[in-house]
Amino acid sequence: MGNGKETREPGEELMQKIVSLCKRRGFVFQSSEIYGGLKSAYDYGPLGVELKRNLMNEWWRDVVHSRENVMGLESSIIMHPEVWRASGHVAGFSDPLVDCKLSKERFRTDKAGPVEVQSDGRLVIRAPDKAAAKLWAEAVKTQHAPGARVETRDKDVVLHTKSVAPPAEGRPGKIVLAGFDGGPDVEIPYRGYVTPDFNCPFLSEERTFNLMFRSFLGSVDPLAEVVDVFVANKDKSKLELRALIEAALAKSTVYLRPETAQGMFVQFLNCLNAVSMKIPFGIAQMGKAFRNEVTVEHFTFRSCEFEQMEIEFFCEPGTDDQWLEYWKNERMRWWRQYANNPDKFVFRRHAKAELAHYAKDCYDIEYEYPWGFGELEGIANRTDYDLKKHAEASGQHLVYTDSARNDPATGKPPLRFTPYVIEPSGGATRGTLVYLIDAYSEETRRDAKGEPVVRTVLKLHPRLAPIKVGVFPLVKKDGMPEKAREIVEEFFRAGINSRYDEQHAIGRRYARHDEAGTPYCITVDGQTIQDDTVTIRDRDTTAQERIKVDEALSVVQARLGKI
RNA sequence: GCGGGUGUGACGCAGUGGUAGCGUAUCAGCUUCCCAAGCUGACUGUCGUGGGUUCGAAUCCCAUCACCCGCUCCA
C-alpha cells in the first residue's frame with residue numbers, strides 16, 4: 001500500500017521506461033556513474049551521440065546551408081567577462097536571496113522591509129491560516145527561538161519584543177524577545193528586514209545566486225589571493241570581506257557562457273565584414289551553455305550543462321514583428337517534420353509580465369512531455385537591446401550600414417542603424433529528449449508460440465536514427481555472412497552508419513534494432529546466393545520487400561533523403 | 001532550498017537481523033531459411049557511499065550522494 005510504484009503516474013512510468021532504455025541501449029548515461037553520479041550531468045552513449053549529432057546536423061543544414069542569408073559561427077565558451085556585464089547577466093543575478101524558515105518562501109532582500117513591531121512591543125507574524133499559525137508557533141518554540149514567549153491568536157503568531165536593533169556599522173542586528181513565563185530573554189539575529197508577506201524574522205543566511213559558472217583564467221591559484229585578503233581583514237564584516245575578495249578575484253574571473261547568443265552579438269561586425277550580407281541576415285551557432293539551475297528536473301530536460309542551437313536574425317527596425325512571425329513558423333515546421341506526433345508541439349506566447357528584460361515579444365515552442373508542457377525553443381524579439389548594450393560597453397559602432405539609402409538627417413547615403421534581432425533559440429539537448437519520447441512506442445504482438453510479447457520500437461525519423469541500416473545473414477552459413485559483410489562495407493564507404501549483426505536468431509536481431517531505432521534491416525538469405533536479391537525490412541511496419549543487391553544502397557539513400 | 005519516495009548484477013524486480021535469488025539481456029557452442037524459437041553451458045553483485053548498533057546488517061540507526069514526485073525557482 002502507498003508504495004511508490006502503485007501511485008506512479010502513467011507519464012512517470014513512461015519516462016522511467018525511456019530512461020531505462022536510454023541506459024540499456026547506450027543513448028544516455030548518468031555522468032560519473034561509477035562514483036555515484038553527479039547532479040544533473042549526463043553523458044551521451046554510442047547511440048545517443050549519433051542521435052544528438054544527427055539532430056544538430058539537420059538544424060545546421062536547415063538554417064545555415066539552406067539559406068543564403070544565414071552564416072555559421074562557433075565562438076568560445078569562455079569570453080571576456082565584460083561581455084556578461086554588458087549583457088546584464090552579471091548584475092541580473094547578484095541580488096542576495098533568503099528563505100523564510102516558516103513559510104519557506106524565497107525573496108530578494110532589496111524587496112523586503114523592516115520588521116513591524118506594535119507600540120506595545122508585540123511582533124505579529126501573519127500566517128496564511130489558523131493551521132499554519134499553529135505549526136509556525138510550534139516551530140518557533142522548538143527550533144527558532146526556544147524559551148521565548150509565543151502565542152497564537154487566530155491566524156497570527158505573536159511574539160513579545162523587548163528591543164529591536166537593526167545591523168549598524170558592521171555590527172550584526174538583533175531582536176530581544178521576552179522569555180516564556182517570565183523566563184530569561186531570548187535573542188535572535190536581525191538583518192534589518194523580514195519576510196514581506198508574513199513579517200517573519202526567522203530567515204536563512206543570505207545567498208547570492210550563482211547563475212553563471214565562474215572560473216579563473218590564469219595559472220596563478222586565485223585562492224592564494226583570497227587567503228591574503230582574509231588574513232589582512234579579519235576584523236571586517238562578512239559583507240565587506242566579500243566585496244574585498246570579489247575585487248581581488250575580479251582580474252582573473254571568467255564565466256562559462258550561460259547562452260551562446262552573446263558570442264554572436266559580440267562578433268556581429270566581424271561576421272558582417274567577412275561575409276558581406278544585406279540585411280536581413282542571420283548568424284547561427286550551436287554549442288554548450290552552462291547555468292546553475294535552481295532546480296534540475298526531468299532527466300536531461302533541465303540540466304546545468306546543455307546544448308543550444310541559436311540564431312540571431314538581424315533585421316530592420318519596423319520589420320521585426322513580421323520576422324518574428326516568419327521564424328516562429330519556420331521553427332515550428334522544422335520541429336514537426338521529424339515527429340510522429342506533430343500535434344504535441346504548440347506555441348505559447350509569453351505574457352507581458354513574463355518577458356525577459358530585453359524582449360519585446362516572445363513565443364515558446366512547447367512540447368507535451370510526459371510530465372506536461374515544457375519549453376523546447378524560444379523565439380524572442382530581442383530588439384536592439386544587445387547590440388546597443390555592447391556598443392555602449394565596448395565603444396564600437398555595432399551598426400548596419402546601408403550605402404544605397406539616404407540618412408534622413410543628412411539627406412545623403414549612407415543610412416546607419418542598429419538592427420533589431422529575432423532570436424530562435426532551441427535546445428539541442430531538449431530536442432534529443434523530445435524525439436526519444438516522441439519515438440518511443442510499444443506494440444503487443446504474438447510470438448512464435450502465440451504468447452503476447454511487447455515489441456518496443458523507437459520510431460525515430462530515419463534522418464535522426466543513430467544506425468540507418470542493419471545488415472544480417474539470415475543464418476551463419478552457406479556464404480551468407482560473407483555476402484552480408486560485402487553489403488555493409490558498401491554502406492560504410494557511402495558514409496551511412498550501418499551495423500553488421502549475425503548474433504542470435506533473426507527475430508532477435510530485428511527486435512534489437514527496432515529498440516535502437518534502426519529504420520531499415522537488410523537480410524541476406526538463401527535466395528541471395530542464387531539471384532543476388534536481399535530483403536529490406538521496414539522498422540515501423542515490419543514489412544519486407546525483395547530488392548537487388550546492387551540497388552540496396554540507392555534504395556536506402558533514396559529513403560533517407562526523404563524529409 | 002523545503003517536504004515525500006527510491007537506490008540489490010547491464011535492465012526489470014524478489015529478498016524486513018543468520019554469510020544474496022529470479023526473469024530478461026549478454027557471451028560460447030549446437031540448432032535454425034524471417035520477426036526476442038529450442039537445447040547445453042558460462043559470466044556478471046563488497047546490496048549507492050561512509051559510519052554506527054549487533055556475535056552477525058541488503059534488512060535497524062545516523063550521515064552523505066544520486067534519481068523520481070510535489071512545492072519553490074527558472075535574469
Side-chain angles (χ1 to χ4, degrees), chain A residues 2-9 11-13 15-17 19-26 29-42 45 84 87-95 97-108 204-205 207 209 211-212 258-259 291-299 301-302 304 354-359 370-371 374-375 443 445-451 453-457 472-478 480 503-515 521 523-529 534-535 537 539 541-544 546:
Chain A
N3 131 0
K5 222 177 301 169
E6 285 158 304
T7 57
R8 188 179 288 150
E9 301 286 323
E12 223 175 304
E13 198 174 309
M15 269 317 284
Q16 205 216 10
K17 283 181 181 170
V19 170
S20 163
L21 178 101
C22 279
K23 177 167 185 190
R24 187 157 34 90
R25 298 313 309 269
F29 306 128
Q30 167 99 57
S31 162
S32 319
E33 198 186 73
I34 61 168
Y35 290 105
L38 181 68
K39 187 192 288 193
S40 164
Y42 294 91
W84 306 110
S87 68
H89 285 84
V90 173
F93 258 75
S94 58
D95 304 307
L97 297 177
V98 294
D99 292 319
C100 172
K101 286 184 176 172
L102 294 182
S103 68
K104 311 299 183 197
E105 201 159 86
R106 176 175 291 164
F107 59 91
R108 281 169 53 165
S204 71
E205 288 291 296
R207 276 180 286 254
F209 246 97
L211 167 88
M212 288 193 286
E259 60 175 19
R291 293 181 198 180
N292 272 314
E293 296 287 354
V294 178
T295 313
V296 295
E297 56 187 351
H298 302 309
F299 196 40
F301 176 77
R302 189 187 305 285
C304 295
E354 188 187 354
L355 291 172
H357 60 278
Y358 50 73
W371 58 85
E375 187 189 4
E443 292 166 13
R445 33 162 49 215
R446 302 270 161 191
D447 69 6
K449 287 176 294 190
E451 299 291 324
V453 288
V454 175
R455 183 174 89 109
T456 303
V457 193
F472 317 139
L474 184 60
V475 292
K476 244 188 293 184
K477 59 180 186 187
D478 300 336
M480 291 180 209
Q503 235 116 44
H504 304 295
I506 188 72
R508 274 210 228 184
R509 284 175 261 164
Y510 288 146
R512 285 170 51 84
H513 278 275
D514 286 342
E515 210 180 51
C521 291
T523 302
V524 171
D525 57 14
Q527 197 179 326
T528 309
I529 312 303
V534 288
T535 57
R537 170 188 180 271
R539 175 196 64 201
T541 63
T542 77
Q544 287 177 304
R546 190 162 278 278

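Excluded from the calculations below are hydrogen atoms, water molecules and symmetry mates; all remaining heavy atoms, backbone and side chain alike, are included. Numbers restart at 1 for each chain; the letters A, B, ... are given by sequence-line order, proteins then strands. These figures come from a predicted structure and were not determined experimentally.
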Visitor: Heavy atoms only, 4.0 Å cut-off, all strands: where does A:Gln544 land among base, sugar-phosphate and nothing?
Guide: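 It contacts base atoms.
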
Visitor: Using Watson-Crick or G-U wobble geometry with both distances below 3.5 Å, tell me the partner of B:rA20, or none.
Guide: none

Visitor: Which whole number of Å gives the distance between the P atom of B:rC73 and that of B:rA14?
Guide: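 My reading of the P atoms in B:rC73 and B:rA14 gives 37 Å.
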
Visitor: Report yes if the side chains of A:Lys23 and A:Gln30 come closer than 4.5 Å at any heavy-atom pair, otherwise no.
Guide: no

Visitor: Could you work out the separation of B:rU44 and B:rA36 based on their P atoms and round it to a whole Å?
Guide: 29 Å

Visitor: What nucleic acid atoms does A:Gly36 come within less than 4.0 Å of, heavy atoms only: base, sugar-phosphate, or nothing?
Guide: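 The answer is sugar-phosphate, as A:Gly36 gets under 4.0 Å only of primed atoms, P, OP1 or OP2.
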
Visitor: Could you tell me which nucleotide pairs with B:rA14 by Watson-Crick or G-U wobble geometry, both distances under 3.5 Å, or answer none if nothing does?
Guide: none

Visitor: Find the partner of B:rU32: check Watson-Crick (N1-N3 plus N6-O4 or O6-N4) and G-U wobble (N1-O2, O6-N3) distances, both under 3.5 Å, and reply none if neither fits.
Guide: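 None - no nucleotide pairs with B:rU32, as no candidate has both distances under 3.5 Å.
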
Visitor: Just name whichever nucleotide pairs with B:rG3, Watson-Crick or G-U, keeping both distances under 3.5 Å, else none.
Guide: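 Partner of B:rG3: B:rC69.
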
Visitor: For A:Gln503 and A:Arg509, work out which heavy atoms get closest and say how close.
Guide: O-NE, 3.0 Å

Visitor: Which is true for A:Lys17 with a 4.0 Å heavy-atom rule: it touches a base, it touches only sugar-phosphate, or it touches nothing?
Guide: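 No contact at all - A:Lys17 keeps every heavy atom at 4.0 Å or more from the nucleic acid.
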
Visitor: With rounding to the closest Å, how many angstrom separate the P atoms on B:rC74 and B:rG5?
Guide: 28 Å

Visitor: Ignoring hydrogens, what is the shortest heavy-atom contact between A:Cys304 and A:Val296? Give both atom names and the distance.
Guide: SG-CG1, 4.0 Å

Visitor: Among B:rU32, B:rA75, B:rA66, find the nucleotide with the atom closest to the side chain of A:Arg291.
Guide: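 Out of B:rU32, B:rA75, B:rA66, the nucleotide with an atom closest to A:Arg291's side chain is B:rA75.
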
Visitor: Heavy atoms under 4.0 Å, any strand shown: does A:Ser31 hit a base, just sugar-phosphate, or nothing?
Guide: nothing

Visitor: Has the side chain of A:Arg537 got a donor or acceptor that lies under 3.5 Å from a partner of the other kind on the base of B:rC34?
Guide: no

Visitor: Assign A:Arg455 to base, sugar-phosphate, or nothing according to its heavy-atom contacts below 4.0 angstrom with the strands shown.
Guide: nothing

Visitor: Which one of A:Arg25, A:Arg539, A:Arg455 satisfies the salt bridge (Lys or Arg N to Asp or Glu O under 4.0 Å) criterion with A:Glu515?
Guide: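 Option passing the salt bridge (Lys or Arg N to Asp or Glu O under 4.0 Å) with A:Glu515: A:Arg25.
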
Visitor: Within the 4.5 Å heavy-atom criterion, are A:Leu474 and A:Gln527 side-chain neighbours or not?
Guide: no

Visitor: Quick one: list whatever passes ring-ring contact (aromatic ring centres under 6.0 Å, His included) with A:His298, sequence neighbours left out.
Guide: A:Trp371

Visitor: Determine the interatomic distance between C1' on B:rG9 and the same-named atom on B:rG23; round to the nearest Å.
Guide: 13 Å

Visitor: Provide, to the nearest angstrom, the distance between the CD atom belonging to A:Gln16 and the P atom belonging to B:rG7.
Guide: 12 Å

Visitor: With a 4.5 Å heavy-atom cut-off, do A:Thr542 and A:Tyr510 have their side chains touching?
Guide: no

Visitor: Is there side-chain contact between A:Pro258 and A:Trp84, with at least one heavy-atom pair below 4.5 Å?
Guide: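 Sidechains of A:Trp84 and A:Pro258: in contact.
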
Visitor: Which is true for A:Tyr42 with a 4.0 Å heavy-atom rule: it touches a base, it touches only sugar-phosphate, or it touches nothing?
Guide: sugar-phosphate

Visitor: Under 4.0 Å between a side-chain N/O of A:His298 and OP1 or OP2 of B:rC67, yes or no?
Guide: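 A:His298 to B:rC67 OP1/OP2: no side-chain N or O under 4.0 Å.
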
Visitor: For B:rU46, give its Watson-Crick or G-U wobble partner with both distances under 3.5 Å, or none.
Guide: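 Partner of B:rU46: none.
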
Visitor: Taking the side chain as C-beta and beyond, is there a heavy-atom pair between A:Tyr42 and A:Cys22 under 4.5 Å?
Guide: no

Visitor: Could you check A:Gly526 against A:Arg24 and say which one's nearest nucleotide on RNA chain B is further toward the 5' end?
Guide: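 Between the two, 5'-proximity favours A:Arg24.
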
Visitor: In terms of side-chain heavy atoms of A:Tyr510, which of B:rC34, B:rA75, B:rC33 is nearest?
Guide: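 Selected nucleotide: B:rC34.
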
Visitor: Provide, to the nearest angstrom, the distance between the CZ atom belonging to A:Arg509 and the P atom belonging to B:rU32.
Guide: 14 Å

Visitor: Indicate whether OP1 or OP2 belonging to B:rA36 is found under 4.0 Å from a side-chain N or O atom of A:His513.
Guide: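 No, because none of the side-chain N or O atoms of A:His513 sits under 4.0 Å from OP1 or OP2 of B:rA36.
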
Visitor: B:rU49 P sits how many Å from A:Glu33 CD, rounded?
Guide: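 The answer, rounded to whole Å, is 12 Å.
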
Visitor: Can you see if the side chain of A:Arg512 gets near the phosphate of B:rU26 - specifically, an N or O under 4.0 Å from OP1 or OP2?
Guide: yes

Visitor: Report the base-pairing partner of B:rU59 (Watson-Crick or G-U wobble, both distances below 3.5 angstrom), or none.
Guide: none

Visitor: Within the structure shown, what part of the strands sits under 4.0 Å from A:Met480 by heavy-atom distance: base, sugar-phosphate, or nothing?
Guide: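 It contacts base atoms.
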
Visitor: At 4.0 Å (heavy atoms only), tell me whether A:Asp478 reaches a base, stays on the sugar-phosphate, or touches nothing.
Guide: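 Base contact - A:Asp478 has a heavy atom under 4.0 Å of at least one base atom.
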
Visitor: Both distances below 3.5 Å, Watson-Crick or wobble geometry, any strand: find the nucleotide opposite B:rC27.
Guide: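 With both distances under 3.5 Å, B:rC27 matches B:rG41.
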
Visitor: Atom pairs, N/O to N/O, protein against nucleotides 28-30 of chain B, distance under 3.5 Å?
Guide:
| residue | atom | partner | partner atom | Å |
| --- | --- | --- | --- | --- |
| B:rA28 | OP2 | A:Gln503 | NE2 | 3.3 |

Visitor: So, is A:His504 near the phosphate of B:rC27, with a side-chain N or O under 4.0 Å from OP1 or OP2?
Guide: yes

Visitor: Please determine whether a side-chain nitrogen or oxygen atom of A:Arg508 lies at a distance below 4.0 Å from atom OP1 or OP2 of B:rU26.
Guide: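 A:Arg508 to B:rU26 OP1/OP2: side-chain N or O found under 4.0 Å.
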
Visitor: In the structure shown, which nucleotide is the Watson-Crick or G-U wobble counterpart of B:rA75, with both distances under 3.5 Å?
Guide: none

Visitor: Using the C1' atom as the reference point in each nucleotide, state the distance between B:rG17 and B:rC60 in Å, no decimals.
Guide: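 B:rG17 and B:rC60 have their C1' atoms separated by 8 Å.
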
Visitor: Expressed in whole Å, how much space separates the P atoms belonging to B:rU54 and B:rC43?
Guide: 39 Å

Visitor: Is it the case that the side chain of A:Asp478 and the backbone of A:Met480 share a donor-acceptor pair, with hydrogens and angles ignored and the cut-off at 3.5 Å?
Guide: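 Flag not set: sc A:Asp478 to bb A:Met480 has no pair under 3.5 Å.
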
Visitor: Among B:rC69, B:rA37, B:rC74, find the nucleotide with the atom closest to the side chain of A:Ala505.
Guide: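 My answer, after comparing the listed nucleotides, is B:rA37.
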
Visitor: Could you tell me whether A:Phe472 contacts a base, only the sugar-phosphate backbone, or nothing, with contacts defined as non-hydrogen atoms closer than 4.0 Å?
Guide: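 Result for A:Phe472 = nothing.
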
Visitor: What distance, rounded to whole Å, do you find between the two P atoms, one in B:rU59 and one in B:rU19?
Guide: 14 Å

Visitor: Under 3.5 Å, is there an N or O donor on one side and an acceptor on the other linking the side chain of A:Ser20 and the base of B:rC11?
Guide: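 Result: no qualifying N/O pair found.
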
Visitor: A:Glu13 CD to B:rC69 P: how many Å, rounded?
Guide: 13 Å

